[in-house]
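Only one structure is covered here, and it is reproduced in the block below.
In this text, all values refer to a predicted model and were calculated from it rather than measured experimentally. Chain letters run A, B, ... following the sequence lines, proteins first, then strands; residues in each count from 1.
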Amino acid sequence: MNQQASEPAKIYDPQTAEPAVSDQWLNSDAFKPRLDADEHYSITLPPPNVTGSLHMGHAFSDTIQDILIRWQRMQGKSVLWQLGLDHAGIATQMVVERQLDAKGEHRRDLGREKFIEKVWDWKAESGGMIFGQMKRLGLSLDWSRERFTMDEASSNGVREVFVRLFEEGLIYRGKRLVNWDPVLETAVSDLEVVHGEEQGHFWHIQYPHADDPSKHVIVATTRPETMLGDGAVAVHPSDERYQDLIGKELILPLCGRTIPVVADDYVDPEFGTGCVKITPAHDFNDYEVGKRHDLPLINIFTNRAHINDDEIIPEQYRGLDRYEARERIVADLEAEGLLYKVEDHEHKVGRGDRSHAVIEPYLTDQWYVAIQDLADPAIKAVEDGDIRFVPQHWEKTYFEWMRNIQDWCISRQLWWGHRIPAWYCEDCDHITVDRGTPECCGGCGSKKIRQDEDVLDTWFSSGLWPFTTLDWPHDSMEMQKFYSTNVLVTGFDIIFFWVARMIMMGLKFTDKVPFKDIYIHALIRDAQGQKMSKSKGNVIDPLEIIDDYGADALRFTLAHMATPGRDVKLDVKRIESNRNFMNKIWNAARFVFMNRGDAAPDADVKPTSDVNRWVLSELNSTAREVEKALAEYRFNEAAGTLYNFIWGTYCDWYVEAAKVSLYKDDEASKAETQVVMLTVLDGWLRLLHPICPFITETLFQELHGPDARLVTSDWTGSYADDEQAVSRMNRVMEIVTAIRSIRGEMNVSPGKKIVARIAASDSVRSELESQQKVLMSLARLESLEWLAEGSDVEGAAVAPLAEVTVFLPLAGLVDVAEELARIEKNIAKAEKDVASLEGRLSNQKFVDSAPEAVVAKVRTDLDENKAKLEELQAAKERLKEL
RNA sequence: GGGCGCUUAGCUCAGUUGGUAGAGCACCGCCCUUACAAGGCGGUGGUCGCAGGUUCGAGUCCUGCAGCGCCCACCA
């Protein structure tokens with residue numbers, strides 16, 4: 001339907017409103033830190049990977065941060081929300097390699113430089129998409145301070161840290177077993193290997209004795225191909241079956257060489273045959289056994305996990321893929337009669353979290369960070385409360401990992417990332433580590449030096465992010481004002497990868513914690529509780545949701561579901577109902593603007609009517625509750641409190657009650673109501689703004705004029721508490737609800753006006769008489785008569801309340817049988833309540849030991865229920881007589 | 001094997017110093033009452049996983065058990 005510009009549409013259209021205010025914000029300095037404030041507040045946005053676009057998990061995390069940021073900004077602080085992007089080494093390199101693959105190209109054909117240019121192109125494209133999404137969500141990031149983990153400032157920081165750690169001996173180069181991804185052809189860290197149960201086989205192989213090949217031992221293995229690299233067979237030292245064997249030699253089948261039998265506690269005599277083949281270069285446990293027994297490290301693989309050309313390996317297996325080799329070896333063993341048996345066997349297999357390739361323990365030279373010296377202060381910072389996890393229980397996860405932490409392998413055999421700042425010399429074995437680009441060897445001065453080909457683990461630069469974004473190592477103004485940051489908002493899945501490393505690096509290089517609080521939020525799942533993933537096809541794209549329902553509805557939904565410590569099942573129906581909430585807000589405001597007259601909001605307004613005093617008092621309670629909830633990171637409560645107040649209190653009760661004053665009262669009363677109506681709208685628009693910035697900004701400008709900006713306005717003020725008005729209005733609402741309830745249960749049409757009589761004491765009556773018009777309007781009464789306390793009314797439906805009794809004469813309304821049934825139902829409930837309350841009071845221990853207020857409350861409740869019961873029974877008798 | 005979390009209305013979930021259980025959705029009934037049918041009003045619905053314990057009183061605290069989920073380690 002067509003609406004004129006001066007008359008806002010009946011249906012709120014976020015597609016019109018959101019881009020308009022978004023442009024206003026982005027074309028102003030609204031999101032930049034204020035220069036005139038003494039107090040500072042900062043959050044570093046966890047930098048999204050430049051691997052594509054954002055998913056719902058990002059929207060969730062980012063919304064939470066934006067709520068905090070907008071709230072703090074409205075409190076007048078100088079606020080910095082630092083944005084940036086992560087180069088995400090492996091992940092991004094894979095994306096670009098896949099793009100090449102689709103065109104039939106390979107990175108090696110392009111060469112390193114050309115390939116990296118392609119990745120930079122992709123970074124620009126992905127970054128553009130990501131920033132576009134963030135703007136649609138309304139995130140109030142400081143867009144003038146965009147950073148990237150591979151920009152100059154971050155790269156400077158990375159080199160500074162590497163050099164300092166190297167100089168202190170905390171970075172070292174070592175040859176040891178690493179987790180090797182044979183598809184990506186790089187080392188990965190322990191954390192990047194995911195273990196899962198997979199169906200495999202357990203091959204039992206006979207290894208003949210060297211001194212008597214007619215005898216043999218049986219070893220059981222899940223990886224027969226690794227026997228090419230066997231260095232020994234191990235048995236448990238106290239295993240009686242094999243005592244004679246220890247120290248003897250066995251013939252390694254297919255290879256012909258001999259290997260010793262060693263005794264080692266590592267072997268579990270109960271498992272398998274109690275004899276274990278030991279392959280020190282291809283198994284982490286065997287590596288340790290090998291070291292204890294001085295066994296040779298025989299590497300049988302290439303970087304791609306093909307059998308290599310080492311002369312110790314029989315020729316027929318060289319060049320085979322590891323699984324081809326397995327088949328051949330099993331077949332050959334069988335042919336030689338050395339395969340004793342094969343069993344099905346389920347066992348854990350480690351795969352790369354990116355490539356999903358089976359990871360090989362592989363012997364290589366890599367760079368490591370000696371972690372213990374960094375870990376100790378990082379553990380202490382959390383123990384001492386300098387850093388606080390919210391919810392607190394996540395500190396257990398943190399401690400568990402930190403107290404068992406292993407040295408960190410930081411080198412990766414990739415092209416995309418920070419090149420390791422180490423140079424090798426052709427003329428001596430000195431390694432030159434330098435912040436810049438050295439011209440000659442720091443050891444012998446030779447100019448024949450070449451830089452390490454490898455790059456650093458992505459998390460190395462991420463770990464420095466809270467301070468490299470503020471231009472560390474320079475002692476910048478930003479470092480002074482905005483570091484330490486106030487809070488880190490992230491998911492539990494990267495506590496080890498990222499959070500722990502930021503703490504370690506932050507403490508080491510800035511002597512300060514990188515953040516004071518860590519708010520750990522849940523994971524977003526689909527409506528069925530499944531993790532969202534592209535392969536499952538259950539991904540909900542934030543942009544589609546924003547297109548369909550608006551960013552505010554999405555943000556409100558996410559905030560409302562942000563219960564600490566629980567996964568969030570995102571159901572589109574929730575978003576739809578919150579879209580309806582936005583529409584409700586729109587229409588409530590539309591009503592207010594239609595009836596505002598010449599009035600303006602006035603936070604100091606001192607109204608006289610109970611209705612107006614009551615709503616201001618309720619607004620004040622709401623403001624305090626929302627503040628408390630936000631201060632404690634309870635976003636669901638902040639959202640829930642606002643929902644209840646705006647819809648339940650303001651729309652359902654206040655606006656309806658205000659209509660009486662607006663339409664039926666004198667000019668003074670009407671004017672007062674107009675001011676209060678606007679003031680309260682103004683109040684909750686401010687309160688809601690951090691969660692729903694678009695609609696609140698739009699309405700705020702409608703309220704205060706086109707030059708007003710809610711985004712940089714003050715947070716809500718305080719309003720007069722008024723217990724008296726609250727208690728009076730509670731009584732009014734109780735009466736109205738009671739009348740509506742009877743009408744509803746008796747199926748009296750809402751349009752039908754009815755007569756009501758209310759019995760009350762003189763004092764209650766005089767108080768209620770001032771609300772007569774409100775009562776009549778809200779309960780849709782034709783007339784309202786007052787009766788003396790204790791009066792009876794013949795032939796009426798009755799509702800006994802705390803201090804008044806409401807009678808609705810039945811004539812023409814309902815039949816007696818229906819009312820009788822309704823009364824019976826209420827009698828049953830009252831009897832149950834009375835019995836329960838009496839039971840509690842008859843317990844002397846309860847009366848003696850419970851707090852006075854609790855006992856008093858029970859007494860009051862009992863009195864009220866008893867009176868209620870009497871009245872209901874009297875009413876029942878009267879009805880029976882009819 | 002070690003650790004963590006969850007179990008409340010048909011569904012999804014709130015419930016913070018222990019004081020007689022709440023919301024949204026769904027469902028049923030009456031309504032286009034001049035802000036809103038993406039709405040209004042009313043209503044049905046729960047022995048808070050099981051078993052003990054502490055307490056005058058337990059959804060809430062303690063112990064054990066069961067089911068579900070996750071993390072870490074790991075038997076070749």
Using a cut-off of 4.0 Å on non-hydrogen atoms, how would the nucleic acid contact of A:R579 be classed: base, sugar-phosphate, or nothing? base
Can you see if the side chain of A:S741 gets near the phosphate of B:G43 - specifically, an N or O under 4.0 Å from OP1 or OP2? yes
Counting the atoms with a prime plus P, OP1 and OP2 as sugar-phosphate, which does A:L837 contact under 4.0 Å by heavy atoms, base, sugar-phosphate, or nothing? base
Evaluate the side-chain proximity of A:Y650 to A:V592: yes if any heavy-atom separation is below 4.5 Å, no if none is. yes
Where each pair must be Watson-Crick or G-U wobble with both distances under 3.5 Å, what dot-bracket representation of RNA chain B is obtained, with crossing pairs in [ ] and other-strand partners as |? (((((((..((((.....[..)))).(((((.......))))).....(((((..]....))))))))))))....
A:L662 versus A:F591: any side-chain heavy-atom pair under 4.5 Å? yes
Take atom CD of A:E198 as the centre, draw a 6.0 Å sphere, and report whether it contains more than 12 heavy atoms from other residues, nucleotides or ligands. yes
Which atom names give the shortest non-hydrogen contact between A:F846 and A:R840, and what distance separates them? CD2-O, 3.2 Å
Within a 6.0 Å radius of atom CD on A:Q199, are there more than 12 heavy atoms belonging to other residues, nucleotides or ligands? yes
Donor-acceptor side-chain pairing of A:T279 and A:K277 below 3.5 angstrom: yes
Which sits closer to the 5' end of RNA chain B, A:T397 or A:T222, going by the nucleotide each is nearest to? A:T397
B:U20 P sits how many Å from A:D861 CG, rounded? 9 Å
Along RNA chain B (nearest heavy atom to each residue), the more 5'-positioned of A:G272 and A:N583: A:N583
Which class fits the ring pair A:H521 and A:Y519: parallel under 30°, tilted 30 to 60°, perpendicular over 60°? tilted
Touch check for A:D652, heavy atoms < 4.0 angstrom, all strands: base, sugar-phosphate only, or nothing? sugar-phosphate
Can you tell me if the side-chain N/O atoms of A:N404 get under 4.0 Å from OP1 or OP2 in B:A73? no
Please determine whether a side-chain nitrogen or oxygen atom of A:H345 lies at a distance below 4.0 Å from atom OP1 or OP2 of B:A76. yes
With the sugar-phosphate defined as primed atoms, P, OP1 and OP2, and the base as all remaining atoms, what B/S/- string results for nucleotides 56-64 of chain B, 5' to 3', for protein heavy atoms under 4.0 Å? B--------
What contact category does A:C275 fall into here, base, sugar-phosphate, or nothing, at under 4.0 angstrom with non-hydrogen atoms? nothing
Does B:C74 have OP1 or OP2 sitting under 4.0 Å from an N or O in the side chain of A:K348? no
Is A:R590 positioned over the aromatic face of A:F593, cation under 6.0 angstrom from the ring centre and no more than 45 degrees off axis? no
Just N and O in the side chain of A:K573: are any of them under 4.0 Å from OP1 or OP2 of B:C25? no
Taking only distance into account, with no hydrogens and no angle test, what donor-acceptor pairs under 3.5 Å do side-chain atoms of residues 259-273 of chain A form with protein atoms, sequence neighbours excluded?
{"from": "A:D264", "atom 1": "OD1", "to": "A:Y266", "atom 2": "N", "distance (Å)": "2.8"}
{"from": "A:D264", "atom 1": "OD1", "to": "A:R292", "atom 2": "NH2", "distance (Å)": "3.1"}
{"from": "A:D264", "atom 1": "OD2", "to": "A:R292", "atom 2": "NE", "distance (Å)": "3.0"}
{"from": "A:D264", "atom 1": "OD2", "to": "A:H293", "atom 2": "NE2", "distance (Å)": "2.7"}
{"from": "A:D268", "atom 1": "OD1", "to": "A:E270", "atom 2": "N", "distance (Å)": "2.9"}
{"from": "A:T273", "atom 1": "OG1", "to": "A:I218", "atom 2": "O", "distance (Å)": "2.5"}
{"from": "A:T273", "atom 1": "OG1", "to": "A:C275", "atom 2": "N", "distance (Å)": "3.3"}

Heavy-atom donor-acceptor pair, A:N865 side chain to A:E831 backbone, under 3.5 Å: no
Pick base, sugar-phosphate or nothing for A:E656, based on heavy-atom distances below 4.0 Å to the nucleic acid. base
Considering residues, nucleotides and ligands other than A:Q406, do more than 12 of their heavy atoms fall under 6.0 Å from its CD? no
Atom-pair distance (OH on A:Y12; P on B:A38), nearest Å: 18 Å
Pick base, sugar-phosphate or nothing for A:R634, based on heavy-atom distances below 4.0 Å to the nucleic acid. base
Base, sugar-phosphate or nothing for A:H560? Non-hydrogen atoms, less than 4.0 Å. nothing
Can you build the contact string for nucleotides 9-14 of chain B? Use B for base contact, S for sugar-phosphate-only contact, and - for no protein heavy atom under 4.0 Å. ---BSS
Side-chain-base donor-acceptor pair under 3.5 Å for A:E400 and B:A73: no
Quick one: list whatever passes side chain to side chain contact (heavy atoms under 4.5 Å, CB included) with A:L191, sequence neighbours left out. A:S189, A:W401, A:F496, A:F497, A:R501
Starting at the 5' end of nucleotides 28-34 of chain B, put B wherever the base has a protein heavy atom under 4.0 Å, S where only the sugar-phosphate does, and a dash everywhere else. -SBS-B-
Take the protein atom CD of A:E197 and the nucleotide atom C1' of B:C74, then report the distance between them rounded to whole Å. 10 Å
Starting from P on B:C41, measure out to CZ on A:R740 and report it in whole angstrom. 6 Å
With side chain to side chain contact (heavy atoms under 4.5 Å, CB included) as the test, pick out the partner of A:I545 among A:T557, A:L554, A:L570. A:L554
Across the strands shown, which category fits A:V267 at heavy-atom distances under 4.0 angstrom: base, sugar-phosphate, nothing? base
Between atom CZ in A:R840 and atom P in B:G19, what is the gap in whole Å? 10 Å
Under the criterion ring pair (Phe, Tyr, Trp, His ring centres under 6.0 Å), which of A:F389, A:F492, A:F399 is the partner of A:W394? A:F492
Looking only at N and O atoms, is any donor in the side chain of A:K584 or the base of B:C36 less than 3.5 Å from an acceptor on the other one? yes
Per A:F496 side chain, nearest of listed nucleotides B:C72, B:C36, B:A76: B:C72
Base, sugar-phosphate or nothing for A:W647? Non-hydrogen atoms, less than 4.0 Å. sugar-phosphate
